[in-house]
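The structure presented is a predicted model; accordingly, all values stated were derived computationally and were not measured. Scope of the values below: all heavy atoms of this structure, side chains included, with no hydrogens, waters or symmetry mates.
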Amino acid sequence: ESYKVDQATTATRTDTPIMETPFSIQVVPQQVLKDQQAVRLGTALQNVSGVSPFPNAIESGDGYMIRGFESTAHYRNGVLRPTNNLVDTSNIEQLEVLKGPASILYGRADPGGIINVVTKQPQETSAYSLQQQFGSYNFFRTTGDATGPLSHDKRVLYRFNFAYENSESFRDFVDRKTMFFAPVVQWKVNSRTQITAELEYQNINTKSDGLLPALGNRPAPVPISRYLDEPSFSKSGNERFFTGINWSHELNSDWKITHRISGEFIHGLGTRMIVPFSAVDPASGNVDRFLVSTPRGNQENRYQSSLNLTGHVDTGILKHTLLFGYDYLYQTDKNVVSKCCDAGGPPFLPINVFNPVYGVGIPTLDQVPDNGPFGSSRSWHGFYLQDQVKLPLNLHLLAGLRYDDAVSNNTVLNERTGKDHRLSPRVGLVWQPMSWLSLYGSYTENFGLQNVFDIRRQPLPPQTAQQFEAGVKTEFFDGRLRTTVAYFDLTKQNVAVPDPANPQFSKALGEAQTRGIELDVSGELLPGWSVIASYTYMPFAKVTKDFVDDGGGGVTLGNTGNRLFNAAKDMGSLWSTYAFQDQELHGVKLEGLKIGAGLSAAGERQGDAANTFQMPGYVIANAMASYEWRMGMTKMTAQLNVSNLFDRTYYAGSNGGNYFIQPGMPRFFMGSIRMEF
């Protein structure tokens, strides 16, 4: 039930106390997910400094910015998911967010940081829960969780999570239907060896949503519910399969080997959308749109394997924790023939943002040019080693090195599109003069292939990054409350942004840099009084190099000197709950009652790389109340959450163009009844 987690594996792939880790690693634990009824990943991640949403045109995806840079990939128990496919929260135990470059351990990682989803695992004690949630905009969601032994000796355990959601949206015409289930079986072969088999299935059907465009230097002044796609045309669906086996064996008390092997398969069920791609014409009120139609048959297949050997060795007064690892990723993407944009740019399908009339001038699909089939593959090998050394005087040194070899191919044209290899180091030092105080500093480099293509359908140059970080970690109130203050200086090369000539593709900025200070607080102030809070101050977040061909043999400075889009100078959050203990009010026992409230805020942000428009800052309030009671052997919990309590209109973010501006959720009520037995 604590808001504070003492150990996390994401930063080091070893069980290292957070106070001994020379990086900013923040954990959103299970109790926060419950108290905030976090059915979306974004609800949970708003508790972490430096993290902000990155909008998608389709309601079936998640996207985020970390320390000013887009993060398109998530990790599941340390395994890469290089897509922004929607993450279901029903089987999440906790979220671990490692700030800054992490490719030394995870390969193709985005330099701002990584989001690692830690899933629920089988337990030896039988436990079951069923929850029904209901909310504004016809939101209905049913989830279940069951775990326990499958054998009398408790050597074979299971866990099963499922979720079904049927919901609408504050956005006109948008709805979502999802189904998810995740069984896990674990066999404890003996006291030193375990084997775990996992499966996930997810089906998502929703509408594409082009969100809102800009007018002048602000989001267009239209209702935030305004829908600029075509309600009778637009749709999106896909299904996702994940299967994996992981095993571990303790060779002796000092050495352990772990191996994960998995496959993930995403099948497109058909996508059609007509979405805006320009700012609003101030004279007519029109915005241009482009049409995309992809029939059923798109596929993304990923096969991954990671092998790690960890050990403890003493050399005199030095105590080493060694990590040797190898990982492999093979990814194929197959896009069937789709209808979209011709060589001169998208077909213009205008709609008036102030008085939209749907179904006018929409071409038949045979009038839209074929994009042709497109396929790619990537093969990635990584070798890494790391040494964590406990030194005298309570010093903790970490040093690591990784070698990557990556090859990409166009499988339709049967030609190689890229081959890259890189050696990436990282080093960090922690000084813990007292058990409650840690001072740390680190330097890290990053290497990663792009996940996007330019207008010629060639992959963008590899991303590289470098970061310096220094910080202070403290623990107060007998270790119940931890704070982290971190200063970072992060530089990234080849930042991908939408190509103004054709927003279906991207172009690379030369270099961008962010610098700032982050504060994270989590834990318990008094018995029953929990808090999780964050604040980010990022005064510098700019494009430092962007040389663009001017078409005449020269170059221009492009967006050099502009502030990065979506990167607020100030942003933060606060969430606090109080669970009554043995108190009474006018003779009424309050035990079982919990109340909570919080704020989330962001300052003004640039909406695109050219800084042509801005999104105003905002502050929104949230609140909750829950009550627990017993019905025989069953624990019942009734809960009510209110998001955006005062119904403020705000804009959560932009994808870097003058379209796809994401309006924030209006006031939203969510109630639930949960049974645990």
>> Would you say that Gln202 contacts Phe242 through its side chain, given a criterion of any heavy-atom pair below 4.5 Å between the two side chains?
In response: no
> Do Asn252 and Glu250 have side-chain N/O donor and acceptor atoms under 3.5 Å apart?
Replying inline: no
> Any side-chain heavy-atom pair from Trp575 and Asn47 closer than 4.5 angstrom?
Replying inline: yes
>> With heavy-atom distances below 4.5 Å as the criterion, would you say the side chains of Trp247 and Ile257 are in contact?
In response: yes
> Checking Asn116 side chain against Asn77 main chain: does a donor-acceptor pair fall under 3.5 Å?
Replying inline: yes
> If we ignore angles and hydrogens, is there a donor and acceptor under 3.5 Å between the side chains of His381 and Asp405?
Replying inline: no
> Could you walk me through whether Glu165 and Arg40 pass the salt bridge (charged side-chain N to carboxylate O under 4.0 Å, His left out) check?
Replying inline: CA-CA 12 Å; Glu165 180 183 323; Arg40 301 283 182 264; 2.6 Å; yes
> Could you go step by step and tell me if Phe54 and Tyr64 meet the ring pair (Phe, Tyr, Trp, His ring centres under 6.0 Å) rule?
Replying inline: CA-CA 4 Å; Phe54 184 86; Tyr64 300 95; 9.3 Å; no
>> Under a plain distance cut-off of 3.5 Å, with no hydrogens placed, do Glu676 and Thr634 share a side-chain donor-acceptor pair?
In response: no
>> For Met633, is the CE atom crowded, meaning more than 12 foreign heavy atoms sit under 6.0 Å from it?
In response: no
> Between Glu1 and Lys34, is a salt bridge (charged side-chain N to carboxylate O under 4.0 Å, His left out) present by the stated rule, with each step listed?
Replying inline: CA-CA 10 Å; Glu1 296 182 355; Lys34 288 181 178 179; over 6 Å; no
> Does one side chain, of Trp255 or Thr310, offer a donor that lies under 3.5 Å from an acceptor on the other?
Replying inline: no
>> According to salt bridge (Lys or Arg N to Asp or Glu O under 4.0 Å), does anything in residues 389-400 pair up with another residue at least two apart or in another chain? List the pairs.
In response: none
>> Given the ring of Phe265, does Arg302 sit roughly above its face, with NZ or CZ under 6.0 Å from the centre of the six-membered ring and within 45° of the axis?
In response: no
> Considering all heavy atoms of both residues, which atom of Lys4 and which atom of Leu481 are nearest to each other, and what is their separation?
Replying inline: CD-N, 3.9 Å
> So, Gln94 and Glu96: side-chain donor and acceptor under 3.5 Å apart, yes or no?
Replying inline: yes
>> When you measure from the centre of the six-membered ring of Phe488, is the NZ or CZ of Arg67 closer than 6.0 Å and no more than 45° off the axis?
In response: yes
>> Restricting to non-hydrogen atoms, name the atom on Lys188 and the atom on Leu157 that form the minimum distance, rounded to 0.1 Å.
In response: CE-CD1, 3.9 Å
> Any sub-3.5 Å donor-acceptor pair from Thr9's side-chain atoms to Arg13's backbone N or O?
Replying inline: no
> Under 3.5 Å, side chain of Lys492 to main-chain N/O of Gln466, donor-acceptor pair present?
Replying inline: no
> Taking the side chain from Thr16 and the backbone from Thr12, do they hold a donor-acceptor pair closer than 3.5 Å?
Replying inline: no
>> I'd like to know whether Trp380 forms a ring pair (Phe, Tyr, Trp, His ring centres under 6.0 Å) with Phe447, so could you lay out the CA-CA distance, the side-chain angles of the two residues, the decisive distance to 0.1 Å, and finally the verdict.
In response: CA-CA 12 Å; Trp380 191 303; Phe447 169 63; 5.4 Å; yes
> Given side chains that start at C-beta, do those of Met65 and Val51 come closer than 4.5 Å, heavy atoms only?
Replying inline: no
> Where is the tightest heavy-atom contact between Leu80 and Glu264, given as atom of each residue plus distance?
Replying inline: O-OE1, 4.4 Å
>> I'd like to know whether CG of Asn190 has more than 12 heavy-atom contacts from other residues, nucleotides or ligands below 6.0 angstrom.
In response: yes
> Hey, what do you get for OG1 (Thr196) to CD1 (Ile245), rounding to the nearest 0.5 Å?
Replying inline: 9.5 Å
>> Is there a salt bridge (charged side-chain N to carboxylate O under 4.0 Å, His left out) between Lys120 and Glu93? Walk through the geometry before answering.
In response: CA-CA 5 Å; Lys120 297 176 180 177; Glu93 180 65 31; 5.8 Å; no
>> Restricting to non-hydrogen atoms, name the atom on Ile104 and the atom on Gly400 that form the minimum distance, rounded to 0.1 Å.
In response: CD1-C, 3.1 Å
>> Here's one to test your reading of the geometry: is the NZ or CZ of Lys594 within 45 degrees of the ring axis of Phe580 and under 6.0 Å from its centre?
In response: no
>> Between Arg480 and Leu525 (side chain of the first, backbone of the second, donor and acceptor by atom type, cut-off under 3.5 Å), is there such a pair?
In response: yes
>> For Lys99 and Glu518: C-alpha separation, side-chain torsions, deciding distance, then whether salt bridge (charged side-chain N to carboxylate O under 4.0 Å, His left out) applies.
In response: CA-CA 10 Å; Lys99 309 291 189 60; Glu518 296 170 340; 3.0 Å; yes
> How long is the gap from CG on Asp520 to OG on Ser534, to the nearest 0.5 Å?
Replying inline: 5.5 Å
> Say you draw a straight line from NZ of Lys256 to CG of Leu323; how long is it, rounded to the nearest 0.5 Å?
Replying inline: 12.5 Å
>> Is the shortest side-chain heavy-atom distance between Gln194 and Gln186 below 4.5 Å?
In response: yes
> Can you tell me if Gln121 and Thr119 form a side-chain donor-acceptor pair at under 3.5 Å?
Replying inline: yes
>> Looking at every non-hydrogen atom in both residues, tell me the closest pair between His396 and Asn394 and how far apart they are.
In response: CD2-O, 3.7 Å
> Do any N or O atoms from the side chain of Asp314 and from the backbone of Gly316 form a donor-acceptor pair under 3.5 angstrom?
Replying inline: no
> Does any donor atom in the side chain of Gln131 or Arg141 lie under 3.5 Å from an acceptor atom in the other side chain?
Replying inline: no
>> Under a 3.5 Å distance rule, please check whether Arg240 uses its side chain to pair with a backbone N or O of Ile266 as donor and acceptor.
In response: no
>> I'd like to know if the side chain of Glu20 pairs up with that of Tyr440 as donor and acceptor (distance under 3.5 Å, no hydrogens or angles considered).
In response: no
> Are any of the side-chain nitrogens in Asp327 or Arg260 under 4.0 Å away from the carboxylate oxygens of its partner?
Replying inline: no
>> For the backbone of Asp15 and the side chain of Gln7, can you confirm whether one donor and one acceptor N or O come within less than 3.5 Å of each other?
In response: yes
> Thr43 and Gln36: which non-hydrogen atoms are nearest, and at how many Å?
Replying inline: O-OE1, 3.4 Å
> Is there a donor-acceptor contact under 3.5 Å linking the side chains of His259 and Ser305?
Replying inline: yes
> Step by step, would you call Asn308 with Tyr384 a side chain to side chain donor-acceptor pair (under 3.5 Å)?
Replying inline: CA-CA 9 Å; Asn308 291 288; Tyr384 50 92; 2.6 Å; yes
> Side chains of Thr474 and Thr483: donor-acceptor distance under 3.5 Å anywhere?
Replying inline: yes
> Once the angle between the rings of Phe383 and Tyr326 is folded into 0 to 90°, is it parallel (under 30°), tilted (30 to 60°) or perpendicular (over 60°)?
Replying inline: tilted
>> Contact between Val118 and Ile92 at the side-chain level, heavy atoms closer than 4.5 Å - yes or no?
In response: no
>> Would you say Ser24 and Gln26 are linked by a side-chain donor-acceptor pair, where the criterion is simply a distance under 3.5 Å?
In response: yes
> Roughly how far, to the nearest 0.5 Å, is CZ of Arg402 from CG of Leu385?
Replying inline: 11.0 Å
> Roughly how far, to the nearest 0.5 Å, is OG of Ser643 from CE of Met624?
Replying inline: 11.5 Å
> Has the side chain of Tyr487 got a donor or acceptor atom that lies under 3.5 Å from a matching backbone atom of Gly471?
Replying inline: no
> What's the spacing between Asn91 CG and Phe180 CZ if we round to 0.5 Å?
Replying inline: 4.0 Å
> So, the side chain of Thr577 versus the backbone of Gly596: is there a donor-acceptor pair under 3.5 Å, distance only?
Replying inline: no
> Would you say Leu519 and Thr484 make side-chain contact, with heavy atoms under 4.5 Å?
Replying inline: no
> Got Tyr158 and Val184 here, is their nearest side-chain heavy-atom distance under 4.5 Å?
Replying inline: no
